[in-house]
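Each chain gets a letter, A, B and so on, in the order the sequences are listed, and its residues count up from 1.
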Amino acid sequence: MYSLKVADFNLHHTLSCGQVFRWDCTGGWWSGIVSGKVIRIAQEDDELFVDSPHSEALIRSYFRLDDDLGSIYASLRRDAKLSGLLDMYRGLRLIRQEPWECLVSYLCSSNNTIRNIRNAIRNMSMCFGAQISDGKYAFPAPEELARAECSELRECRLGFRADVVRATAGLVAGGEFDLEGLRELRYEDAKEALQSLKGVGPKIADCVCLFALDKLEAFPVDVHIERIMKEYYSACRELKKDAIGDFARGYFGGYCGYAQEYLYFEEMKKGKREADTAISLAEDT
DNA sequence: CCCCAGGTGTCAG
DNA sequence: CTGACACATGGG
């Protein structure tokens, strides 16, 4: 167990905003699995308490604690809407995910719910990943998923996504697709390369670029982002998803990926508030 | 039994 | 190039 001082960091926002799928919070402590090792972590004010075999350097890299949020915020304050979100969710940071787990996670995201995505990832890890400790499993390597039968992946509740996950695992395990190498490419080239994979379109490619490949100018546009962008920015009213991403890059600039995360978190919380309201209204009747 | 969920591939027009 | 539709699975 060790601690480290942090500034402009909010652990809870960072892990709750929907960018990662394998973290859980109990009693103020978050626990997750990164690079095959368990991390337990908690925050009190500007101090982070870490219980993990991972080094402090790994933790700092994973949570992007070296990003200068002050200057990123300054570059994003283009309007009152986003500016309000930056203040409301101050300290929310992008996470530097592992490319392979990130790619598979978002392959599972198409036409799916967060809950089902989390279950599929947990099932795959239990079936094909190395056991770390009681009930804890590493995310399976490409070779491990490449060895899986599609029927076994179906049993992990991947649904129609089983085929593309297995095919992608085969390409990455066989060295035919150099996922790690994409980090060296420009954003546009990395995105194009990802889209050559079956099951990867513009949205999933942008997620991998942003969450795992350090392409902070990526702006994934899903149905939620499309909705909130059209609500906040009249220029987006008539635009399609791809054009909304281009608009965001031009409007917010090179750190628009950070803007996307705040907008997504807000839209997610708004949806949850509406659902809670609907429940309480139903209880009233 | 309807609809929807961090989309994408396919196939008419 | 554009729009409609299917796709497994779980939940409202």
task: Decide if atom CD of A:E192 counts as having more than 12 heavy atoms of other residues, nucleotides or ligands within a radius under 6.0 Å.
output: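 Atom CD in A:E192 is not crowded, with 12 or fewer foreign heavy atoms closer than 6.0 Å.
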
task: Kindly check if the number of other-residue, nucleotide or ligand heavy atoms within 6.0 Å of CD (A:E44) is above 12?
output: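 Count not over threshold, so no.
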
task: Kindly say whether the aromatic ring centers of A:Y106 and A:F21 come within a distance under 6.0 Å.
output: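 A:Y106 vs A:F21: aromatic centres under 6.0 Å.
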
Contact class for [X] (heavy atom, under 4.0 Å): base, sugar-phosphate, or nothing?
X: A:V200; value: sugar-phosphate
X: A:G199; value: sugar-phosphate
X: A:L197; value: sugar-phosphate
X: A:K198; value: sugar-phosphate
X: A:F265; value: nothing
X: A:Q260; value: base
X: A:P220; value: nothing
X: A:Q19; value: base

Tell me whether the OP1 or OP2 atom of [N] has a side-chain N or O from [X] closer than 4.0 Å.
X: A:K240; N: C:dC1; value: no
X: A:R157; N: C:dG10; value: yes
X: A:R154; N: C:dA8; value: yes

query: Below 4.0 angstrom, N of the basic side chain to O of the carboxylate: do A:D246 and A:K240 qualify?
result: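 The answer is no: the pair does not qualify as a salt bridge.
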
task: On DNA chain C, check which nucleotide each of A:N111 and A:R115 is closest to and give me the residue with the more 5' one.
output: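 Between the two, 5'-proximity favours A:N111.
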
In this structure, how many angstroms lie between the [atom2] atom of [N] and the [atom1] atom of [X], rounded?
X: A:R161; N: C:dA8; atom1: CZ; atom2: P; value: 9 Å
X: A:K269; N: B:dG6; atom1: NZ; atom2: C1'; value: 16 Å
X: A:K203; N: B:dT8; atom1: NZ; atom2: P; value: 7 Å
X: A:F160; N: B:dT8; atom1: CZ; atom2: C1'; value: 8 Å
X: A:I117; N: B:dG7; atom1: CD1; atom2: P; value: 8 Å
X: A:N123; N: C:dA8; atom1: CG; atom2: P; value: 18 Å
X: A:E261; N: B:dG6; atom1: CD; atom2: P; value: 14 Å
X: A:D163; N: B:dT8; atom1: CG; atom2: C1'; value: 13 Å

- request: Start with the C-alpha gap between A:F247 and A:F219, add the side-chain angles, then the distance that decides, and say whether side-chain contact (heavy atoms from CB on, under 4.5 Å) holds.
  value: CA-CA 10 Å; A:F247 166 85; A:F219 191 89; over 6 Å; no

task: Between B:dC11 and C:dA8, how far apart are the P atoms? Round to whole Å, please.
output: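 That atom pair is separated by 15 Å.
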
message: Work out how far the P atom of B:dG6 is from that of C:dT2, and round it to whole angstrom.
response: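 Roughly 26 Å separates the two P atoms.
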
query: Hey, is A:Y264 stacking on B:dG6? Ring centres under 5.5 Å, planes under 30°.
result: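 According to the criterion (under 5.5 Å, under 30°), yes, A:Y264 stacks.
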
- request: Output the single nucleotide from B:dA5, B:dG7, B:dG6 whose closest atom is nearest the side chain of A:R227.
  value: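 Selected nucleotide (nearest to the side chain): B:dA5.
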
task: Using distance alone, with no hydrogens and no angle criterion, decide if A:Y73 and A:D68 have a side-chain donor and acceptor under 3.5 Å apart.
output: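 No.
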
